[in-house]
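Comments concern the structure below.
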2 protein chains.
Amino acid sequence: MPEQLTEKQQRALKFIQLEIRDKGRPPTLREIGGEIGVSSTNGVRYVLDALVRKGFLERSPMLSRGIELTERSMIHAGAPGTRDIPILGRIAAGIPITATENLEGRVTVDRSIAPTDDTFALRVRGESMIEAGIHEGDVIFARPQRTADTGDIVVAMIGDEATVKYYRLMGNRILLEPANSRFKPIVVESGTPGFQILGKVVGLMRKF
Amino acid sequence: MPEQLTEKQQRALKFIQLEIRDKGRPPTLREIGGEIGVSSTNGVRYVLDALVRKGFLERSPMLSRGIELTERSMIHAGAPGTRDIPILGRIAAGIPITATENLEGRVTVDRSIAPTDDTFALRVRGESMIEAGIHEGDVIFARPQRTADTGDIVVAMIGDEATVKYYRLMGNRILLEPANSRFKPIVVESGTPGFQILGKVVGLMRKF
DNA sequence: AAATATACAAAACATTTGTTCATGTGTCAA
DNA sequence: TTGACACATGAACAAATGTTTTGTATATTT
């Protein structure tokens, strides 16, 4: 249950987060007041108290700029040049793929592997792409897109299941080819309900 | 030409960096003094002035905790939970592997892939490990160690060349087995000059 | 040897900054 | 109506924090 924040509380919190990130130091009560339009330090105090109660801040009494962010309100910005990517657990049709409910975890990776902001990650199950060097347990990174070019490796949704395969367009049909001679290609008529391309695979990570 | 810092200046700078990183706010003059063993705020001021002159800090006059790090003194630590790993270019015998001369670049990766601080990375050349899912162009991560267990994938130095292979100990001999039926294993008598194990492969990264 | 710069110490001072107190104003629910 | 919230003002206060001044000791330079 994420506690509800009022307008002013939100603005104060955002301001504090940005100040700490950009200047490396929390703002004073008066600085916050100037930002959110509260002229008395006592008014600001009130807002901060609320944020402390709701678990977004911690304060050290009688200390200048004694404001700290809690774990939940910390900005997980990551170093410049990296990205914090969610590893999706189960993928279900209809539900937005980045829904926090089905999150297996997060990894921070270089931007060279996660080029765009909306890149998502997935743990590979099965051996169907083993000849493309994609093994069970690997984490693959994909950029969301609804279409693909022949030869791309894509993450596709078939009914209720997500799968990673080579994409090949043949006339009116879409071929999802495994990279494993023991598996058969999947053929889908374009426009089949329940079928959807979720993204194109752009990177891979493995732990030995 | 990195300006020389005295003992106290170094300790003060490090303290300021850590405080900003960990607590999100710079220390006061008195806090710094307590840390580096200077009892007067004026003494601390003196040290800080030196750091400002040498380009490691900026200060805002008449502002509590008005210390900022400059670009060069900023900690590019990366988000907590990540590591900045060098990608080695050519590896030559004798030269310390992390020598900055032969650096192809750097990647930031999750600590789950780069468990220790001294993890290094290497770009894979050739197809000799393709059946282990290691392809040409992949970046592998390795933890430095001089020995290995049978079954490990290791980075080994043979004469002037670095190679990635399965490690297998057979009596008095070491077998470096490729994961590709078209390649033959390499046999090395233990103690052969010019042979050395550099590390054990712990992770892999690929860009499609 | 005298002059100068470095590296502090101590204490007094000036600002900044958090706290407290007294006193409202709206809104919403009981 | 009463009370509880969420907010607000303004002023006075106290503690934290940076600044300045005055000295001292050591080393380096002239």
Side-chain angles (χ1 to χ4, degrees), chain A residues 1-20 22-70 73, chain B residues 1-20 22-70 73:
Chain A
M1 53 220 72
E3 290 254 24
Q4 202 68 21
L5 290 186
T6 68
E7 159 87 19
K8 296 225 161 163
Q9 288 166 8
Q10 278 179 45
R11 286 207 292 152
L13 179 58
K14 174 141 289 183
F15 178 60
I16 293 167
Q17 289 171 329
L18 291 179
E19 285 285 305
I20 291 179
D22 298 341
K23 306 210 180 135
R25 91 179 84 94
T28 64
L29 296 189
R30 287 164 181 83
E31 285 168 354
I32 298 170
E35 182 67 19
I36 65 174
V38 172
S39 72
S40 84
T41 53
N42 192 30
V44 176
R45 200 180 208 307
Y46 189 87
V47 174
L48 293 189
D49 277 350
L51 285 169
V52 170
R53 260 202 319 281
K54 295 179 180 176
F56 292 89
L57 296 181
E58 277 173 34
R59 298 198 61 203
S60 311
M62 293 317 296
L63 201 81
S64 79
R65 302 170 187 273
I67 302 172
E68 279 182 65
L69 296 173
T70 58
S73 60
Chain B
M1 52 220 70
E3 290 253 26
Q4 203 66 24
L5 290 186
T6 68
E7 161 86 19
K8 294 217 165 167
Q9 287 165 11
Q10 278 179 45
R11 287 207 290 152
L13 179 58
K14 174 140 289 182
F15 179 60
I16 293 167
Q17 289 171 328
L18 291 179
E19 285 286 303
I20 291 180
D22 297 341
K23 307 211 177 133
R25 91 179 83 95
T28 65
L29 296 189
R30 286 165 182 83
E31 284 168 355
I32 298 170
E35 182 68 18
I36 66 174
V38 171
S39 71
S40 84
T41 53
N42 191 30
V44 176
R45 200 180 209 305
Y46 189 87
V47 173
L48 293 189
D49 276 349
L51 285 170
V52 170
R53 261 202 319 280
K54 295 179 181 177
F56 292 90
L57 296 181
E58 277 173 34
R59 298 198 64 204
S60 312
M62 294 315 297
L63 204 88
S64 78
R65 303 171 189 273
I67 301 172
E68 280 182 65
L69 297 173
T70 58
S73 61

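What you are looking at is a predicted structure, and each value in this text was computed from that prediction instead of being measured. Proteins get letters first, then strands, A, B, ... in listed order; numbering begins at 1 in each.
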Rounded to the nearest Å, what distance is computed from the [atom1] atom of residue [X] to the [atom2] atom of nucleotide [N]?
| X | N | atom1 | atom2 | result |
| --- | --- | --- | --- | --- |
| A:Glu7 | C:dT27 | CD | C1' | 17 Å |
| B:Arg45 | C:dT15 | CZ | C1' | 13 Å |
| B:Asp49 | D:dT20 | CG | C1' | 13 Å |
| B:Arg11 | C:dA7 | CZ | C1' | 14 Å |
| A:Gln9 | D:dC5 | CD | P | 14 Å |
| B:Leu48 | C:dT6 | CG | P | 16 Å |
| A:Arg25 | C:dG18 | CZ | P | 12 Å |
| A:Leu29 | D:dA15 | CG | C1' | 14 Å |

Would you check if [X] and [Y] make a side-chain contact, meaning some heavy-atom pair closer than 4.5 Å?
| X | Y | answer |
| --- | --- | --- |
| B:Leu13 | B:Leu69 | yes |
| B:Leu57 | B:Glu68 | no |
| A:Ile67 | A:Ile32 | yes |

With nearest nucleotides of DNA chain C determined for B:Lys8 and A:Gly66 from heavy-atom distances, which residue corresponds to the more 5′ nucleotide?
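The residue mapped nearer the 5' terminus is B:Lys8.
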Counting side-chain heavy atoms from C-beta on, which of [options] comes nearest to [X]?
| X | options | answer |
| --- | --- | --- |
| B:Leu63 | C:dG18, C:dA7, C:dT17 | C:dT17 |
| A:Tyr46 | D:dC5, D:dA16, C:dC8 | D:dC5 |
| B:Thr28 | D:dA16, C:dT19, D:dG18 | D:dG18 |

Please enumerate all residues that pass salt bridge (Lys or Arg N to Asp or Glu O under 4.0 Å) together with B:Glu35, with sequence neighbours excluded.
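Result, salt bridge (Lys or Arg N to Asp or Glu O under 4.0 Å) vs B:Glu35: none returned.
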Listed partners of B:Lys14 passing salt bridge (Lys or Arg N to Asp or Glu O under 4.0 Å), at least two apart:
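If we apply the salt bridge (Lys or Arg N to Asp or Glu O under 4.0 Å) test to B:Lys14, skipping adjacent residues, there are no hits.
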Carefully, step by step, assess B:Arg11 and B:Val38 under the rule side chain to side chain contact (heavy atoms under 4.5 Å, CB included).
CA-CA 12 Å; B:Arg11 287 207 290 152; B:Val38 171; over 6 Å; no
Within the side chain of B:Thr70, is there an N or O that forms a donor-acceptor pair under 3.5 Å with the backbone of B:Gly55?
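Indeed, once roles are kept as given, a pair shorter than 3.5 Å links the two residues.
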Pick out the pairs of N or O atoms, protein on one side and nucleotides 9-12 of chain D on the other, that lie under 3.5 Å.
residue, atom, partner, partner atom, Å
D:dT9, OP1, A:Ser39, OG, 3.0
D:dT9, OP2, A:Ser39, N, 2.6
D:dT9, OP2, A:Ser39, OG, 3.1
D:dT9, OP2, A:Ser40, N, 3.3
D:dT9, O5', A:Ser39, OG, 3.0
D:dT9, O4, A:Asn42, ND2, 3.0

Is there a side-chain polar atom (N or O) of B:Ser64 under 4.0 Å from OP1 or OP2 of D:dA16?
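Indeed not, no polar side-chain atom of B:Ser64 lies that close.
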Phosphate-side-chain proximity, B:Arg65 and C:dT15, N/O vs OP1/OP2 below 4.0 Å
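For B:Arg65, the contact criterion (side-chain N or O under 4.0 Å from OP1 or OP2 of C:dT15) is not met.
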